[in-house]
Amino acid sequence: MDILADLNPAQKEAVEAIEGPVLILAGPGSGKTRVITHRVAYLVRVCGVNPRSIMAVTFTNKAAREMEERLNRLVSGSVKDLTLGTFHAICARTLRIEGKAIGIDSKFTIYDDDDQISLLKKSLQEIGLDPKQYAPRAILSAISSAKSQMITPDEFLKHGRSYFEEVVQRVYEHYQKLLDESSALDFDDLLLKTVFLFRQNPELLERYQNRYLHIQVDEFQDTNLVQYELVKQLAGKYRNICVVGDPDQSIYSWRSADLRNILNFEKDYPDAKVVLLEQSYRSTKLILEAASHVISANRNRKPKNLWTENEPGMPAAVIETYTEQEEAQYVVNEIDSLMSRGEVKPGDCAVMYRTNAQSRVLEEAFIRYGMPYKLVAGTRFYERREVKDIIAYLRLVQNPYDSVSLMRIINVPQRGIGQRSLDELTQWARSQGVPEYKALQLLAESRDSGVDLPFSSRTVKVLVGFAVMIESFIEKSRELNLVELFDLVVENSGYRQYLVGLVDGEDRWENVLELRGVAQDYRDLKPLEGLSEFLEGMALVSDVDDLEEKVEAVTLITLHQAKGLEFPVVFIVGMEDGILPHFKSIDDPAQLEEERRLCYVGITRAKQRVYLVRAFRRHLMGSSAVNRPSRFLQDIPSELISTSSVLEGEDSWANATSEARDKSEELKGRLAEFKSGDHIRHEQFGEGVVVSYQTVKNDAEVVVAFDGEGVKRFLLSFAKIEKV
């Protein structure tokens with residue numbers, strides 16, 4: 001295979017530029033993933049570089065998987081030694097190997113957002129502050145921002161002395177102390193500790209510099225100060241650093257992403273070669289032109305002249321409705337119309353919005369019409385209670401000093417350990433100067449020694465029993481593979497029996513079995529290695545990683561989450577001043593430019609059609625207001641748009657309700673066709689037997705048992721089943 005075949009001239013130039021610093025400015029749909037993978041393949045196959053000497057950094061696991069799949073096709077699987085992954089995954093791996101040099105246990109736990117909030121609340125309480133008075137989320141955000149700027153607790157007050165900052169400094173210091181006691185790192189620590197590791201160990205840094213002769217970073221516009229510093233450290237010796245990004249798609253300043261990293265790259269590397277990828281393969285010509293006019297109003301950018309050989313396509317549809325209910329109704333009606341004409345399938349369409357709160361009315365409309373949809377950032381699988389419970393048990397097996405996991409499941413299933421006993425355990429552990437788990441071990445040693453303990457004999461027995469159980473799991477973890485350990489924990493902890501007793505226990509048990517299915521991927525690894533890799537994978541998964549692109553349902557997603565995705569048809573709702581751009585950003589020039597970039601990202605997700613929809617009157621977050629059309633609409637020339645108004649007022653919503661009622665009656669009629677014991681046929685699963693049926697909201701559910709495929713549930717609104 002010719003690595004350079006089928007690349008356009010700019011892409012070829014980017015692939016062949018392998019020496020020294022390189023900045024690739026890639027417009028949306030310009031094939032940047034193709035360029036990155038071909039660069040790696042070119043280095044390996046043409047230049048003879050050992051894959052072990054190459055690092056490729058992405059921002060999502062999904063992007064890393066896609067890159068790995070492409071590379072395996074390009075170089076026939078010879079890149080197994082390539083370091084490929086997200087910043088967080090690569091740093092976690094590095095710290096597990098090298099972290100002992102700065103006092104980090106290789107078995108450290110990675111705390112996710114929920115864990116961090118739990119630990120922050122504990123920090124507030126232990127320093128005498130009320131979590132109801134001091135918002136944990138706001139304090140955690142301030143701490144995260146400080147870490148992303150490499151500011152330690154000791155340095156924090158040098159940057160400001162407001163009362164809130166004094167509170168943050170106190171909490172930050174104690175929060176970090178609790179993290180250390182739990183042998184845990186939060187997401188920001190994974191990056192920050194790696195930078196500190198290399199700063200404090202020059203010989204170790206040089207070893208890594210000598211290993212990674214070539215470094216590539218995707219989505220460079222989304223890096224923060226710590227990530228940029230880490231890349232500079234690793235590339236400091238050979239300077240073969242290639243960064244790929246687009247300043248016009250920098251939309252994560254609230255995550256501390258620093259646009260200056262990509263805008264100032266040429267200042268840090270004056271000899272950098274700059275390559276522009278301006279040909280788009282995704283969007284039609286008219287969509288691309290509309291997006292270009294929107295973004296060109298920004299000043300803080302690097303100009304590009306985007307172009308495409310794609311067909312002109314249709315103008316952007318600018319739609320005005322009366323209320324947010326009509327807005328949602330319009331979206332559902334238009335998708336239904338496109339589907340009825342055979343132009344799209346549900347999975348071809350995405351509805352995007354600025355804030356999560358906007359999804360409620362959309363969901364109601366999709367449910368009312370029985371149209372399948374997938375809500376991104378609903379309750380993620382890994383955030384479901386039973387899934388987090390099992391993961392907490394396994395985290396304790398790996399790291400028993402993980403206080404957040406311990407407090408989560410010490411009384412799940414219920415063992416008669418109340419909140420008062422847990423508070424007393426924490427206080428006693430503090431008085432002994434040890435973590436909670438060590439305190440449990442001390443209880444076991446002290447209960448028969450006559451030492452005065454702050455617990456009843458019954459409570460001591462239960463607490464010690466819990467510690468003995470965890471110790472037995474730890475012992476078994478050294479000899480069992482991950483699936484065997486999983487089964488042991490679920491059974492011997494009493495968790496399976498606990499779920500069986502819940503009203504929704506069957507559904508929750510199915511989620512546990514789904515998690516066990518994930519564990520199957522790690523069963524062939526050595527016992528402790530399998531557990532470690534499984535838990536790390538669970539901690540680093542993200543919303544977009546869970547998104548199945550092939551699901552035949554309309555995707556409902558925020559504009560921030562949509563970055564990196566593409567759909568044939570895109571609806572952007574809430575195109576109003578105060579919504580997009582958001583009201584908090586209108587008076588801040590820098591924030592307003594980011595809102596414009598957000599709009600640009602949304603438009604450029606569309607391949608064939610884009611709809612920009614607004615409501616004349618909107619009720620959102622407790623208030624009703626009449627909003628002006630988004631100022632971004634004014635940036636698009638009239639020849640690039642088609643406009644339409646749907647200002648029908650309350651009558652239109654009444655009609656929609658009537659239509660939905662008719663559809664519901666139709667579904668009920670179809671439901672009558674099925675009864676328990678009927679034999680049916682499904683186009684994918686084959687023949688099966690109806691187990692049960694019932695109405696669900698405005699739809700109907702049929703449960704079918706298939707030979708060899710198990711039990712499946714179907715909604716009749718879009719299930720393709722028929723009687724045999």
Side-chain angles (χ1 to χ4, degrees), residues 88-89 92-93 95-96 99 104-120 122 178-187 189-190 380-413 415 422 425-426 429 435-441 466-478 480-495 498 511-512 514-516 518-519 521-523 525-541:
H88 292 92
R93 202 175 311 147
L95 290 173
R96 292 210 189 275
I104 296 176
D105 191 316
S106 62
K107 295 181 180 179
F108 66 81
T109 299
I110 301 172
Y111 276 0
D112 64 16
D113 184 74
D114 285 346
D115 300 325
Q116 291 171 254
I117 289 294
S118 296
L119 197 66
L120 197 81
K122 184 177 180 181
L178 293 182
L179 278 173
D180 293 342
E181 289 180 356
S182 296
S183 189
L185 303 179
D186 63 21
F187 288 130
D189 282 336
L190 293 174
R380 291 171 48 203
F381 175 78
Y382 295 107
E383 291 177 352
R384 291 168 184 165
R385 189 180 78 195
E386 59 278 9
V387 173
K388 287 186 74 73
D389 286 346
I390 298 301
I391 289 176
Y393 270 105
L394 294 173
R395 285 187 359 179
L396 270 188
V397 173
Q398 183 193 41
N399 170 22
Y401 299 109
D402 175 358
S403 64
V404 170
S405 293
L406 187 147
M407 289 302 181
R408 180 181 182 92
I409 49 86
I410 193 171
N411 197 41
V412 180
R415 301 180 174 91
L422 293 178
L425 173 64
T426 298
E436 283 89 349
Y437 187 77
K438 184 64 177 177
L440 293 178
Q441 293 177 315
F466 175 80
V468 169
M469 179 183 69
I470 297 299
E471 284 292 338
S472 71
F473 293 160
I474 293 173
E475 188 69 27
K476 287 292 186 181
S477 71
R478 301 187 180 102
L480 300 179
N481 68 40
L482 180 59
V483 175
E484 292 170 337
L485 177 65
F486 187 102
D487 292 343
L488 177 75
V489 167
V490 170
E491 287 295 331
N492 289 14
S493 66
Y495 200 84
Y498 158 70
N511 288 332
V512 172
E514 181 70 18
L515 182 64
R516 186 181 186 274
V518 178
D521 295 337
Y522 301 83
R523 72 178 304 159
L525 296 177
K526 295 178 182 178
L528 295 179
E529 181 184 350
L531 176 61
S532 177
E533 292 201 14
F534 171 76
L535 291 175
E536 190 166 302
M538 299 305 97
L540 298 176
V541 75

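We use all heavy atoms of the structure for the numbers below, so side chains are in, but hydrogens, waters and symmetry mates are not.
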Would you say the side chain of V397 lies within less than 4.5 Å of the side chain of L485, judging by non-hydrogen atoms? yes
Smallest separation among heavy atoms of L190 and F108, with atom names: CD2-CE1, 3.9 Å
Which atom of P413 lies closest to which atom of S493, heavy atoms considered: CD-O, 3.5 Å
Run the side-chain contact (heavy atoms from CB on, under 4.5 Å) test against S182 and tell me which residues pass, sequence neighbours left out. Y111, A184, S403
Which distance, rounded to the nearest 0.5 Å, do you find between the CG of D180 and the CG of D105? 11.5 Å
Return the set of residues passing side-chain contact (heavy atoms from CB on, under 4.5 Å) with A519 (not counting sequence neighbours), or none when no residue passes. L482, V483, F486, F534
Report the distance from atom CZ of R384 to atom CG of L515, rounding to the nearest 0.5 Å. 11.5 Å
I want to check something: taking the side chain as every heavy atom from C-beta on, are I474 and P400 in contact at a cut-off of under 4.5 Å? yes
Among residues at least two apart in sequence or on other chains, which ones pass side-chain contact (heavy atoms from CB on, under 4.5 Å) with S532? R96, Q398
Working for side chain to side chain contact (heavy atoms under 4.5 Å, CB included), residues D402 and S183: CA-CA 6 Å; D402 175 358; S183 189; over 6 Å; no
Can you name the salt bridge (charged side-chain N to carboxylate O under 4.0 Å, His left out) partners of D189, sequence neighbours left out? K147
Taking every non-hydrogen atom, the tightest pair across L95 and L185: CD1-CD1, 3.8 Å
Sub-4.5 Å side-chain heavy-atom contact between Y498 and E386: no
Quick one: list whatever passes side-chain contact (heavy atoms from CB on, under 4.5 Å) with L422, sequence neighbours left out. M407, I410, I417, Q419
Side chain proximity check, E181 to Y401, heavy atoms < 4.5 angstrom: no
Value for CG (D113) from CD (Q116), rounded to nearest 0.5 Å, stands at 6.0 Å
Between atom CG of N399 and atom CG of L394, what is the distance when rounded to the nearest 0.5 Å? 12.5 Å
Apply the test side chain to side chain contact (heavy atoms under 4.5 Å, CB included) to residues Y522 and L535: give CA-CA distance (whole Å), side-chain angles for both, the deciding distance (0.1 Å), then the verdict. CA-CA 10 Å; Y522 301 83; L535 291 175; over 6 Å; no
Which pair of non-hydrogen atoms, one from P527 and one from S477, has the smallest distance, and what is that distance? CB-O, 3.2 Å
Salt bridge (charged side-chain N to carboxylate O under 4.0 Å, His left out) involving K122 - partner list, sequence neighbours excluded: E436
Within-4.5 Å side-chain heavy-atom neighbours: E471 and Q441: yes
When rounded to the nearest 0.5 Å, the distance separating CG of L525 from CD of E533 is 5.0 Å
Given side chains that start at C-beta, do those of F187 and D112 come closer than 4.5 Å, heavy atoms only? yes
Indicate yes or no: at least one non-hydrogen side-chain atom of I470 is less than 4.5 angstrom from one of Y437. yes
Going by heavy atoms in the side chains, are V412 and Y495 under 4.5 Å from each other? yes
Side chain to side chain contact (heavy atoms under 4.5 Å, CB included), that's the test. Do V490 and R516 meet it? Break it down for me. CA-CA 10 Å; V490 170; R516 186 181 186 274; over 6 Å; no
Which atoms form the tightest heavy-atom contact between A392 and R408, and what is the distance? CB-CD, 3.9 Å
Decide, yes or no, whether a salt bridge links R395 with D115 under the criterion of side-chain N to carboxylate O below 4.0 Å. yes
If you measure from CG on L120 to CG on D186, what distance do you get to the nearest 0.5 Å? 10.5 Å
Take F466 and I409 through the side chain to side chain contact (heavy atoms under 4.5 Å, CB included) test and state the conclusion after the steps. CA-CA 10 Å; F466 175 80; I409 49 86; 3.6 Å; yes
